[in-house]
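These values consider heavy atoms only, across backbone and side chains, with no hydrogens, waters or symmetry-generated copies. Throughout, protein chains are lettered first and strands after them, A, B, ... in sequence-line order, and every chain is numbered starting at 1.
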Amino acid sequence: MTPEMFIAAKAAQAIKALYGAEVEASTLQVSVTRKEFEGDFTLVVFPLLRMSHSTPENTGNAIGQWLKDNVPEISDFNCVKGFLNLLFSNVYWNGLFKEITTDPSFGNLPSTGKNIMVEFSSPNTNKPLHLGHIRNNLLGDSVSKLLKAAGNNVIKTTLVNDRGIHICKSMLAWQKVGEGATPASSGKKGDHLVGDMYVAFNDIYKKEVDELIAGGMSEDEAKKEAPSLKEAHLMLQKWEAGDKDVRDLWATMNGWVFEGFDQTYAALGIDFDKVYYEHDTYLLGKELVQEGLRKGVFVTDPDGSVWCDLTGDGLDRKIVQRSDGTSVYITQDLGTAEKRFSENSLDSHIYVVGNEQDYHFQVLKLILGKLGFAWADDIFHLSYGMVELPEGKMKSREGTVVDADDLIQKMYEEAKATSEESGKLADMTDEEKDKLYHMIGLGALKYFIIKVDPKKTMLFNPKESIDFNGNTGPFIQYTHARIRSILRKAQDKGICLDAAGLPEVALSAKEIRLIKILNTYPSKVGEAAAALSPAVIANYAYDLAKEFNQYYHDTPILKEENADTLMMRLVLIDAISAVLRKAMAILGIELPERM
RNA sequence: GGUUCCGUAGCUCAGCUGGAUAGAGCAACAGAUUUCUAAUCUGUGGGUCUAGGGUUCGAAUCCCUACGGGACUACCA
């Protein structure tokens, strides 16, 4: 039971004893006392005035007095305006401290038994990953970990967009201007090589369009008539017909891309439980179109195209099948969702996709509901904001796209430079250093992105490197390294941590604050999971680390002469380091032993 | 036209299931190392929480309107 719940329950008893009124404890408002006031927890008394028929001060004082007299854990109180501040006794804090430090599964929420699928990343195979994808990947990965910590079974998945006209464009350009280059021959990472081919196609295409316009054609017509585009369409038809040469090239070039992606995923520390490929799923959903027609959910237009009328829901008409009988993007999404729910007995399915697709998911959910699937309510679009540069959106045409591999490398270099400057790691092997720089650089990058509320558009300034001071990943990593250093020294002195055997000791105000913050960790996990917001965990970890650093600054730990107090402090900081590790693990950030 | 998200310090962001005097970091300035890691800590300055109305004992938080910014509304994916 949390202290808040404890107080609420006791306060309900007080109200019954004093005013004869029955109050549901869960309706009482109890919060941590603001630090300007004296107290541990605060009961808001305003809502109770209709029972006491008295002033806020009198009501607060009466309840406070009753609690002090009848609840041994509550040692004192004061009432400011309508806020009843309650102080817990040292015995109480010792008890809570022991509960936290002796529970090996502290922070892991009880199992919900629910199966949740999280789809994220879902890359195109014609472009290397950039900063926007990094936000997607980090969010998806950390939300998965968060939901797991909150007691769910999580299946991480991705849908690789590996077919379609855009892939044919890259293939065509490779045939025309690629000169047989392979990742091995060119020394380029596969995804970058194919990305270059996609850019090359657009150059060719643009040149052709310009020439056609110069020859007197209208722009719209020129865009349709450019020979390279026609060739790409022809190639797509061949692909769909299963033409061996086209399929072979497609498989080869996709192989290069996947190899490149795998490297980036590995560098980010991200993996998936199930990978779906669009070439396997793009035909799904056609039966659902027929089913929708039978049920009268969809209608056929004179030209044969199939639509769903959503005007009654305040939206537009949505096409679900083209007049030539082929399916559109949403059709396969309908089919894929149906397949996933029926195959995995899912309780919930979360799509981590940028907010430019808000409309799409609104439509998807509506249509699934209209088709009669009860689980339509169990799909969630975790819609995140764009990552913008100071001058606005990233534009490949203007060369402002921040490449994922470059950025990861840059962060590594920054971490290396900062570490070398400090000169603390002279005795480490090169291998250890390399691992550490990667940990710090990646920690800075991940934290920078995850600490922002997912739904907000966020800004990244490539000219200013991501900070290592203040509210950052390395700050928390550094805090952890400091704690571990003390614990190592304690161990060298032959001290064994013994949380269970710790007798009652006097706790300082700072120590009580730290225990309070530690104690809120499980509820933060629950809160963050409910909101699908790892940012909540990031900010929690920062608060805890900051509080520790203040404590560290003015409280000597190893110099403490009283053996019990020394032990209490070691157990306390050990618990802090453990919670920091758990919290940061949810964000996919590792914490070093030293740095 | 419709749908939807956002607007808090010079900058980047917390706080938003209503509670006390709206918080951090960065940047600026002033300090703290014979001491467990200075990637740290302490202090100073910095605010019409876009605006206006409403609900309430109480609103940055909830509701309405306006303004400003973004995204979507393709027989693209």
Y478(A) OH to rC36(B) C1', in whole Å, measures 11 Å

Please measure how far the P atom in rC41(B) lies from the corresponding atom in rG58(B), and state the result in whole Å. 40 Å

Per atom distances to the K81(A) side chain, the nearest of rA20(B), rA71(B), rU40(B) is rA20(B)

Review point. Quantified in whole Å, what is the P atom distance between nucleotide rU61(B) and nucleotide rC6(B)?
Key: 13 Å

- Query: Which part of the nucleic acid, if any, lies within reach of S419(A) when heavy atoms closer than 4.0 Å are counted: base, sugar-phosphate only, or nothing?
  - Reply: base

* Are OP1 or OP2 of rG19(B) and a side-chain N or O of R34(A) less than 4.0 angstrom apart? -> no

The nucleotide from rA77(B), rA38(B), rU12(B) with an atom nearest the side chain of Y552(A) is rA38(B)

Fit a plane to each ring of Y521(A) and Y540(A), take the angle between them on a 0 to 90° scale, and name the class: parallel (under 30°), tilted (30 to 60°) or perpendicular (over 60°).
-> tilted

Under 4.0 Å between any heavy atoms, over every strand shown, what does T125(A) touch: base, sugar-phosphate, or nothing? Just pick one. nothing

Q29(A) atom CD is separated from rC16(B) atom P, nearest whole Å, by 14 Å

Separation of rC6(B) atom P from K393(A) atom NZ, nearest Å, is 18 Å

_Taking atom types as they are modelled, would you say the side chain of T479(A) forms a donor-acceptor pair with the base of rA39(B) within the 3.5 Å cutoff?_
no

Taken to the nearest whole Å, CD/E36(A) to C1'/rA22(B) is 11 Å

When rounded to whole Å, the CD to P distance for the pair E560(A) and rC36(B) reads 16 Å

- Task: Look at K546(A) and rG25(B) and indicate whether a side-chain polar atom (N or O) is within less than 4.0 Å of OP1 or OP2.
- Result: yes

Whole-Å distance, R317(A) CZ to rA74(B) C1', equals 14 Å

Report task. Could you walk me through whether R594(A) and D427(A) pass salt bridge (Lys or Arg N to Asp or Glu O under 4.0 Å), step by step? Result -> CA-CA 12 Å; R594(A) 29 181 307 212; D427(A) 60 318; 3.0 Å; yes

Take atom C1' in rG10(B) and the same atom in rG53(B), then report the distance between them in whole Å. 31 Å

Is a donor from one side chain sitting under 3.5 angstrom from an acceptor on the other, for H279(A) and N254(A)? no

Notebook entry, point to check: Is any side-chain heavy atom of K169(A) less than 4.5 Å from a side-chain heavy atom of I165(A)?
Noted result: yes

Give me the distance, rounded to whole Å, that separates rA9(B) from rG46(B) when you measure between the C1' atoms they each carry.
6 Å

request  = Would you kindly check whether a donor in the side chain of N85(A) faces an acceptor in the base of rA20(B), or vice versa, at under 3.5 angstrom?
outcome  = yes

| task | Determine: side-chain N/O of R50(A) to OP1/OP2 of rC57(B), distance under 4.0 Å, yes or no. | result | no

Practice item. Sticking with atom C1', work out how far rC62(B) lies from rC49(B), rounded to a whole angstrom. Key: 16 Å

V44(A) has its side chain closest, among rA20(B), rG19(B), rU35(B), to rG19(B)

Quick check on rC6(B): is either OP1 or OP2 less than 4.0 Å from any side-chain nitrogen or oxygen of T457(A)?
no

rA71(B) pyrimidine/purine six-ring stacking with Y359(A), under 5.5 Å and 30°:
no

Can you find a donor-acceptor pair, distance only, under 3.5 Å between T472(A) side chain and rA39(B) base? no

From the candidates rA77(B), rA24(B), rA39(B), the one with an atom nearest any side-chain atom of P474(A) is rA39(B)

- Provide the distance between the two P atoms, one in rU12(B) and one in rU50(B), to the nearest whole Å. 14 Å

| Taking the same atom, C1', in rC72(B) and in rA27(B), what whole-Å distance lies between them? | 37 Å

Looking only at rA14(B), rC41(B), rC36(B), the nucleotide nearest the F475(A) side chain is rC41(B)

Would you say the ring centers of F46(A) and F83(A) fall short of 6.0 Å from each other? yes

Requested in this report: For salt bridge (Lys or Arg N to Asp or Glu O under 4.0 Å), just list the numbers for D543(A) and K524(A), CA-CA rounded to whole Å, side-chain angles, deciding distance to a tenth of an Å, and then say yes or no.
Outcome: CA-CA 12 Å; D543(A) 287 341; K524(A) 284 287 173 187; over 6 Å; no

Of A415(A) and D313(A), the one whose nearest nucleotide on RNA chain B sits closer to the 5' end is D313(A)

Walking RNA chain B from its 5' end, the first of L315(A) and R163(A) to be reached, judged by nearest nucleotide, is L315(A)

Discussion item. Pairing donors with acceptors under 3.5 angstrom, does anything connect the side chains of D40(A) and T33(A)?
Written reply: no

Sugar-phosphate only, base, or nothing, as touched by D554(A) at under 4.0 Å among non-hydrogen atoms
nothing

Using the C1' atom as the reference point in each nucleotide, state the distance between rG31(B) and rA22(B) in Å, no decimals.
27 Å

**Asked** According to a strict under-4.0 Å criterion, is N469(A) in side-chain N/O contact with OP1 or OP2 of rC26(B)?
**Response** no

Of the candidates rA71(B), rA14(B), rA77(B), the side chain of K456(A) sits closest to rA14(B)

- Scan side-chain atoms only and decide if D358(A) and S383(A) contain a donor-acceptor pair under the 3.5 Å cut-off. yes

K455(A) has its side chain closest, among rC5(B), rG70(B), rA39(B), to rC5(B)

Here the gap from M394(A) atom CE to H130(A) atom NE2, rounded to the nearest 0.5 Å, amounts to 4.5 Å

Side-chain atoms of K489(A) come closest, of rA77(B), rA39(B), rC36(B), to rC36(B)

Here the distance between atom C1' of rG25(B) and atom CG of N539(A), to the nearest Å, is 11 Å

If only side-chain N and O atoms of K318(A) are considered, is one of them under 4.0 Å from the OP1 or OP2 phosphate oxygen of rC72(B)?
no

Note to self: Between K424(A) and rA39(B), is there a contact of a side-chain N or O with OP1 or OP2 at under 4.0 Å?
What the structure shows: yes

N/O (side chain, Q357(A)) to phosphate O (OP1/OP2, rA71(B)) under 4.0 Å
no

Between CZ of F46(A) and P of rG18(B) the distance, given in whole Å, is 15 Å

Between the base of rA20(B) and the ring of F83(A) - centre-to-centre under 5.5 Å, planes within under 30° - is that a stack? yes

Stems with RNA chain B, 3 or more Watson-Crick or G-U pairs in a row (under 3.5 Å), are B:1-7 with B:67-73, B:10-13 with B:23-26, B:28-32 with B:40-44, B:50-54 with B:62-66

*asked:* Quick one, V402(A) with L389(A), criterion side chain to side chain contact (heavy atoms under 4.5 Å, CB included). Give me CA distance, side-chain angles, the key distance, then yes/no.
replied: CA-CA 9 Å; V402(A) 178; L389(A) 305 175; 4.0 Å; yes

Practice item. Compare all side-chain heavy atoms of I466(A) with those of K410(A) and state whether any distance is below 4.5 angstrom. Key: no

To the nearest 0.5 Å, atom NE2 of H480(A) lies from atom CE of M595(A) at 11.5 Å

From the candidates rU12(B), rU4(B), rG19(B), the one with an atom nearest any side-chain atom of P47(A) is rG19(B)

Out of rU40(B), rA39(B), rA20(B), minimum distance to the side chain of F468(A) belongs to rA39(B)

